[in-house]
Structure formats: C-alpha cells, structure tokens
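In what follows, a single structure is set out as structure tokens and then discussed.
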Amino acid sequence: MTDISALQASILADVAAAADEASLETVRVGALGKKGSVSALLAGLGKMSPDERKSEGAKINLVKDAVAGAIAQRRAALKETALEARLAGERLDVTLPAREQGASLGRVHPISQVMDELAAIFADMGFSIAEGPDIETDDYNFTKLNFPPDHPAREMHDTFFFEPDAHGRRKLLRTHTSPVQVRAMLTKAPPIRVICPGRTYRCDSDQTHTPMFHQVEGLVVDRSSHLGHLKWILEEFLKAFFETKSVSLRFRPSYFPFTEPSMEVDVRCSRKGGEIRFGEGDDWLEILGCGMVHPNVLRNCGLDPAEYQGFAWGVGIDRLAMLKYGLPDLRAFFEADVRWLRHYGFRPLDFPTLAGGLSAP
Ligand code: DAH
C-alpha cells in the first residue's frame, strides 16, 4: 500500500470513528486544515517536477475528495442521530393527566362556573346557547320587546345610552338579555329552545347591584308551549342548580312589557344564621321573572301568534352565584382581587357535569 493510500485509509477510519460533530471537526482540521496531512501533501507538489506533479497531484486530489466526501456524509449522519436523540428526549405523552401544580394556579370565577353549570343543566333539557352583542340597538332592547316609545318602562332600566348617530338613533349597553330572544326568534325557526347567558348593564351600584352584571334568559317557542312546561323547566333547573331533591315555587302576578301574563317566581327556603337553604323552611325568596311571550313580541319577530306561543324567563346569574356559594357582596365579584378568587374560585379542570354533581370538588 502506498503512503498516500495508507494515509487515506487512516483518515477514513478516523472519520468513521468520530462519535460527534466536534471530534469529526478535529479529524477534518487534521486532514484538510491549513496544516493538515492532506494539505501538507498538496504543499509538497511545488517541489516536484512537472510530470511528477501531474500524476501525484491527481492522486492527492482524489484523496482530498474522498476525505471531504466521507466527512460530509459522516456529519449528516451525526446530525440526524443527534436530532433523533433530541426528539426522543422531548417526546410528550399527551395522555398523562395535567400536573396539578400548573393547573392549581388558575381559578375559574364563580360567574363563569355558574354559566357552565347553567349550560350543563339546560343542555340536558335540550336547550342550546344563543348569544348577542353587549352593545344593542334601542329597537332590539326595547321596541321589539313591546316597550312603547317614550314609555316610562324604558326609564326603569337606568340605561347607558351612546351618543345618537346621524339619524338620531341611539345605541345602548343592553339592559337585559331579553334582546337575545328577539335575535333568536328572528333567525331560528320554531321550535326554539335557547338560553342566553351574558353581560348586562344598568346605571346602578350598591351591595347587590353593579353597573355591569349577568343574566341568563330562557326562551321556548313552539305550537303548544304552555305555563305547565315553564313550571316544570324552572323546577328541574332549580333542583339541579341548587342540588336539592325538591323545590317548591310560588308564582306571583307581575308586569313585564314582553310577557303576558307575567310572573315573578319565589322559591321556598329557610334562613338560619344567615344561611339560606332551599327545599325546606317557611320563607320565600324571589328568584326570577317569567311569562308567556307577548303576542306583539312574536309578531315583531316575524312569528304568527295564532300559530306559535312561547314562554320566557330571566334570572340574575350573579344572584344565583351569591345564593349558591354564599357570597355576601356582589361588588367583590368584579374587584379582580386574586385572594378572593383563590378562595371562591373553582379549579379549571373540574368542569361542572350533572353526573359529577355540578359543583363537586
Ligand atoms: N328582562 C327582565 C329584566 O331584566 C327579566 C325577565 C323577566 C326576562 C321576564 C324574561 C321574562 O324573559 O319573561 O328585568
């Protein structure tokens, strides 16, 4: 074996033996670097006769090419092995349960929890969720809901109005979730069965009122929906929500422009030592407003009252949360105090389900 082919064999053996990119680089510098063994051979050509230079030069260049090729190949192989090792090390098992440490940092606000509970309860009864914008037209918030123009009932709501537009129309922050009823009737064909949870606004502030609060509206429209259905739905809802075996309700006549007849509903309860319990006792607590959808509202929403009838109700979500979870001051809900949220909030991965008991830990 000539010196040159021996040198080539030894360099190629070193290339093959290089275990990582750093040692491969050392082999490369030792062979092809300025002072490398192959470079030294090339430098020696200058002292040779032209004929020798021709034949030796060709051989040396072949060695150089072979070495460079082997190094490039080895580098690619080492890169691939390194990548595979990294990927194997970083593999995630997505089937593992979430680590409690991270999940325990955040808390679900009681309002969000109650909204999730409502969604679970009403989904079980075949209701879907309808939504509408917080900034509403006067038409949807009042007119289509049978509030006559300039009727004092519009003032009852302490409305936040925006500046009128060029046509003198004022948008407003919706004062209740009832405009979502209108949107549902205008866009869905009966039978309609929706709940509409969301933010509502009135110019009002004390221990039990904040300028922004939450309501959930319920609406059923079909050919033969009647008050018996409404009563059953409300009973089922309150039993599931307050997690009691039975509730008794009292329906009192009331007035809302968009329902006829209109009623307010009280739940039987006991109040002992500041604690309210449902399904027992001799006290009553007013909980929601409801009624049969007024024929004018059906008409305003393109439905024929001779063919369809329906019922609706509206409940304060904040009030439901205060009653269920014993929260005394509504204002604390919106102060964004992390200590309060840590105390009253819910773990993010405990979704409310009927099977689990809605608020079970
Ligand atoms: N929108 C009413 C309010 O904010 C609540 C209400 C009462 C809604 C009766 C209804 C209903 O759908 O039928 O005071």
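What's counted below: heavy atoms across the whole structure, side chains too, no hydrogens, waters or symmetry copies. Atoms within each ligand, like the ligands themselves, are counted from 1 in listed order. From a predicted model like this one, the values you see are computed outputs, not experimental measurements.
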Atoms of ligand 1, numbered as shown, that sit under 4.0 Å from any heavy atom of Q181 = 12 (O)
A student checking ligand 1 against Q215 at a 4.0 Å heavy-atom cut-off should list atoms 3 (C), 4 (O)
Proximal ligand 1 atoms for T259, defined as those under 4.0 Å from one of its heavy atoms | 13 (O)
Considering only heavy atoms of G291, which atoms of ligand 1 have at least one such atom less than 4.0 Å away?
-> 13 (O)
For the side chain of N300 and the backbone of N296, is there at least one donor-acceptor N/O pair under 3.5 Å apart?
-> yes
The one among R174, R202, H176, H294 that brings a heavy atom closest to atom 14 (O) of ligand 1 | R202
So is F258 in contact with ligand 1, going by heavy-atom distances below 4.0 Å?
-> yes
Counting from 1, what ligand 1 atoms have a heavy atom of S178 closer than 4.0 Å?
-> 1 (N), 8 (C)
For the rings on W340 and H109, is their centre-to-centre separation under 6.0 Å?
-> yes
For the rings on F258 and H176, is their centre-to-centre separation under 6.0 Å?
-> yes
Would you mind checking if E131 and R183 are paired as a salt bridge, meaning a charged N to carboxylate O distance below 4.0 Å?
-> no
Answer yes or no: is there an ion pair linking R86 with E90, defined by an N-O contact shorter than 4.0 Å?
-> yes
Close N or O approach (E217, ligand 1; < 3.5 Å) | yes
Any heavy atom of A312 under 4.0 Å from ligand 1? The part involved is both
Ring-ring centroid check F278 F242, cutoff 6.0 Å = yes
Between D318 (side chain) and H214 (backbone), is there a donor-acceptor pair under 3.5 Å?
-> yes
